[in-house]
Amino acid sequence: MIDRQQWKDLVQSRLEVLFEKTGKEGSLPSVVVQVPPKPEMGDLAFPLFAFAKAFGKSPVELANSLTEDINSLEDRPEGQAFAAGPYMNVRVDMLSLIENLCKKVDEEGSSFGSTKVLDGRNVMVEFSCPNTNKPLHLGHVRNDCLGNSISAILKASGATVMKVNLINNRGVHICKSMLAYKRFGNGETPESTGIKGDHFVGSWYVRFNDWAKEDPSAEEQAQQMLVKWEQGDKETLELWNLMNKWTIDGISETYRNTGISFDRYYYESDTYKLGKDKVLEGLERGVFQKQEDGAVYIDNSDIGLDKKILLRKDGTSIYITQDIGTAINRHEDWPFDSLVYVVASEQQYHFKVLFHVLDKLGYSWAKDLHHLSYGMVFLPEGKMKSREGTVVDADDLLLQLTAMAREEISEKGRDKDLEDPDKTAHEIALGALNYYMLQFDPQKDVTFNPKESLSFTGNTGPYIQYMGARISSILRNFAANEDIYKGVGFDASLLSNEEEREMFKLCGSLPELVTRASQSYDPSVLCSFLYDLCKIFSHWYHDNQVLDSGNKVLTVARVRLCKVVLTSLQNAMALIGIPFLEKM
RNA sequence: GGUCCUUUAGCUCAGCUGGAUAGAGCACUUCCCUCCUAAGGAAGGGGUCGUGCGUUCGAAUCGCGCAAGGAUCACCA
């Protein structure tokens, strides 16, 4: 909203003019614009240190003469310059900024904040990608939150987004749970036991690992089962279909509960053969090599990496074989301009190799593949290990958060004010979860400490939701008495204190922030925005009555501010998966 | 050993392209509901920004070295 570029150009050109007047030789460095550290220091700042040498003057003197020069110009952008030590600062004209922003927010409504920087681009985002042998855990939750949010952010930047999920339903790990079930299951089912399908299958995966400790042949049997599976053995495929369905049903329920959705599903079982063919094709063309024992590999020494097996000696495919097939299949399906893989940082090496393999196979779009790598989620005790039972289960976590939120509602005596307290509790839980998962820089590892992390106060999702609910409450009360304010005009000059200026400036910067979030694949930018905005609002709200301001014109102006803040809040919340609540 | 990442307050983290006294939350000590929802607000203590050099008028931010921690380098996914 503030035209930085315009001011920057002006300062640059005036400095050139002043420099010419000195009659000195040489050229000037380019001007830098920044935001002063405190609101009372204005809206823009131009440090003049770098010009001191050329002018042969101190930056302080230079700031004085530049300020005088600029303020004497007739046709400068709206605003006032002033010297602040070695800086020349500018206070822009807030009235027009406020009026323009109010108008823009009114016009754009729920799409305020969106931009067109990725207009016309087709972006595919792959995330979640569960295995069909166990339920989702905390690591998947971070993945889901990130994938969902980054998809929304890319969409808000103008891209056409295709959210895809790849189901890892093939491999030796799947055979493990099948084998254990076949051996020890006694025909039980999720229905007969009343256990959610994904948890049911997961328990057999655990059972396999216990069994493998006693019986050394277990691993080998699983490997044999995989060969049978690839050969299309009927009985194996039947069991596989049945158990996959159980898991996918269970996981789909978790998606529904956490507000995650996809536009298209892919299954590794559908693409591993294509991957295999492409690898063999590459072998024929001499892109890949064959070992003495028959395994096919790629020599990566040209990019400084080790060689990597692409096909086992028994001819079965491995993880990367499937990914090769999946990528090719997808580009044929929906020719994307870029494909973003949301996958944990531990797989950086894998993706480096995968992209290189696709490039070697001659796919020009290999350069448009991007690995959005995110840090691991650790527990205070260290890494989560399913075999040691230290995983934080996604369903349990959500239930626990919901129960906590429900209890808060009762404790605060809010039950009677809410239409559906259970639903509200669930939405608060989602707000807490999404905000927690997205507030950090994605590439950083996070330590999840249940006691400290599951909080509803301070810098949290519920705090953001609470501000939204408070503003909604004000606007509801205002709407109920609307006739009192009929015909009262909007006077932007009544919103000129530092906090009001800051809130308008911040809201006005939302489109820039969305752009930054999409370019850096980092939703945490929006978490900071929300928190900063709420913090200023709650301080302002504490000292400034909106409805009982004692002056109708003032009330109307403040309501206008509330609307701008609320719309900005709602739109940013939507991008990071925090449900907006009218009441809580 | 190779590659990549991290190191800022007791704990968990911000800090945009280098700039004006390094910021939050949690925890701790106080205060504020006759006031639009106290899931809130105000005040206070607490930091040689891992370390050493370098670039620069200026470095938490950029470069190099070192140290600590993590990930990865599977015919697991």
Side-chain angles (χ1 to χ4, degrees), chain A residues 32-38 41 45 47 49-50 52-53 59 84-87 89 129 131 133 168 170-174 223 268 291 293-297 300 304-306 308-314 316-320 322-323 344-350 352-353 373 375-376 378 383 405 408-409 411-414 417 428 432 439-441 443-449 451-453 455-467 469-478 512-513 516 520 524-525 527-528 531-532 534-535 538-539 541-543 545-549 562 583-584:
Chain A
V32 173
V33 208
Q34 25 187 247
V35 178
K38 293 201 169 176
M41 299 166 95
F49 305 95
K53 204 182 265 175
Y87 294 82
N89 291 5
C129 306
N131 291 324
N133 65 340
N168 292 297
R170 197 213 77 94
V172 73
H173 58 300
I174 307 297
Q223 199 63 48
E268 287 199 329
Q291 289 185 166
D293 65 2
V296 180
Y297 69 94
N300 288 317
L305 300 178
D306 296 333
K308 167 82 190 171
I309 300 289
L310 302 177
L311 217 48
R312 290 194 187 98
K313 65 183 171 204
D314 65 5
T316 58
S317 24
I318 56 172
Y319 182 49
I320 194 161
Q322 297 158 178
D323 265 1
S345 61
E346 58 183 354
Q347 294 195 35
Q348 281 180 10
Y349 189 88
H350 168 78
K352 245 187 215 168
V353 174
S373 158
M376 307 287 289
F378 294 108
K383 198 172 175 177
E408 281 296 301
I409 291 171
E411 257 176 37
K412 294 178 197 305
R414 300 284 305 154
D417 295 299
I428 291 168
Q439 66 180 311
F440 312 113
D441 181 340
Q443 73 169 336
K444 284 194 178 176
D445 293 340
V446 303
T447 303
F448 182 84
N449 183 338
K451 281 183 200 142
E452 291 163 15
S453 309
S455 164
F456 296 153
T457 58
N459 187 359
T460 63
Y463 171 74
I464 309 291
Q465 290 174 311
Y466 180 60
M467 285 308 135
R470 287 178 108 172
I471 300 173
S472 301
S473 175
I474 294 172
L475 296 181
R476 263 198 311 277
N477 292 334
F478 176 77
E512 279 171 49
L513 295 176
R516 208 164 92 205
S520 56
S524 73
V525 170
C527 293
S528 305
Y531 185 66
D532 290 344
C534 288
K535 203 145 166 48
S538 34
H539 183 243
Y541 164 98
H542 192 262
D543 305 332
Q545 281 286 313
V546 176
L547 300 175
D548 197 14
S549 69
C562 287
K583 292 179 183 175
M584 69 183 276

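Given the structure is predicted, the values throughout are model-derived calculations rather than measurements. The figures that follow rest on heavy atoms only: side chains count, while hydrogens, waters and symmetry mates do not. Order of the sequence lines fixes the chain letters, A, B, ..., with proteins taken first and strands second; residue numbering starts at 1 for each chain.
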Once you apply the 3.5 Å cut-off to both distances, tell me the Watson-Crick or G-U wobble partner of [N], or none.
N      : result
B/rG44 : B/rC28
B/rU51 : B/rG65
B/rG1  : B/rC73

At under 4.0 Å between heavy atoms, what does [X] touch on the DNA or RNA strands: base, sugar-phosphate, or nothing?
X        : result
A/Lys412 : base
A/Ala469 : base
A/Leu547 : base
A/Val446 : sugar-phosphate
A/Thr460 : nothing
A/Lys352 : sugar-phosphate
A/Arg476 : nothing
A/Tyr297 : nothing
A/Leu475 : nothing
A/Phe49  : base
A/Phe440 : sugar-phosphate
A/Ala84  : base
A/Pro86  : nothing

Please list, chain by chain and in numerical order, all residues satisfying side chain to side chain contact (heavy atoms under 4.5 Å, CB included) with [X], sequence neighbours excluded.
X        : answer
A/Asp306 : A/Tyr349
A/Ala469 : A/Met584
A/Ser520 : A/Asp522
A/Val546 : A/Ile474, A/Trp540, A/Arg558, A/Val559, A/Cys562

**Request:** Please list, chain by chain and in numerical order, all residues satisfying salt bridge (Lys or Arg N to Asp or Glu O under 4.0 Å) with A/Lys412, sequence neighbours excluded.
**Result:**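 Listed in chain order: A/Glu408.
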Notebook entry, point to check: When you list every nucleotide of RNA chain B with an atom under 4.0 Å from a heavy atom of chain A, which one comes first 5' to 3', and which comes last?
Noted result: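 Range of nucleotides within reach of chain A: B/rU3 to B/rA77.
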B/rA24 to B/rC33 separation - C1' atoms, rounded to the nearest Å
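Comparing C1' positions in B/rA24 and B/rC33 gives a spacing of 25 Å.
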Inter-nucleotide P distance (B/rG63, B/rA59), Å rounded: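 The same atom, P, in both gives a distance of 16 Å.
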**Request:** Please assess A/Ser373 against A/Gln348 for the test side-chain hydrogen bond (donor to acceptor under 3.5 Å, both in side chains), listing each intermediate value before the final yes or no.
**Result:** CA-CA 7 Å; A/Ser373 158; A/Gln348 281 180 10; 3.0 Å; yes
For A/Tyr531 and A/Tyr463, I'd like to know if the aromatic rings sit close, meaning centre-to-centre distance below 6.0 Å.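 Yes, the ring of A/Tyr531 comes within the 6.0 Å limit of the ring of A/Tyr463, centre to centre.
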task: Given side chain to side chain contact (heavy atoms under 4.5 Å, CB included), test A/Val353 with A/Asn300 step by step and report yes or no.
output: CA-CA 8 Å; A/Val353 174; A/Asn300 288 317; 3.9 Å; yes
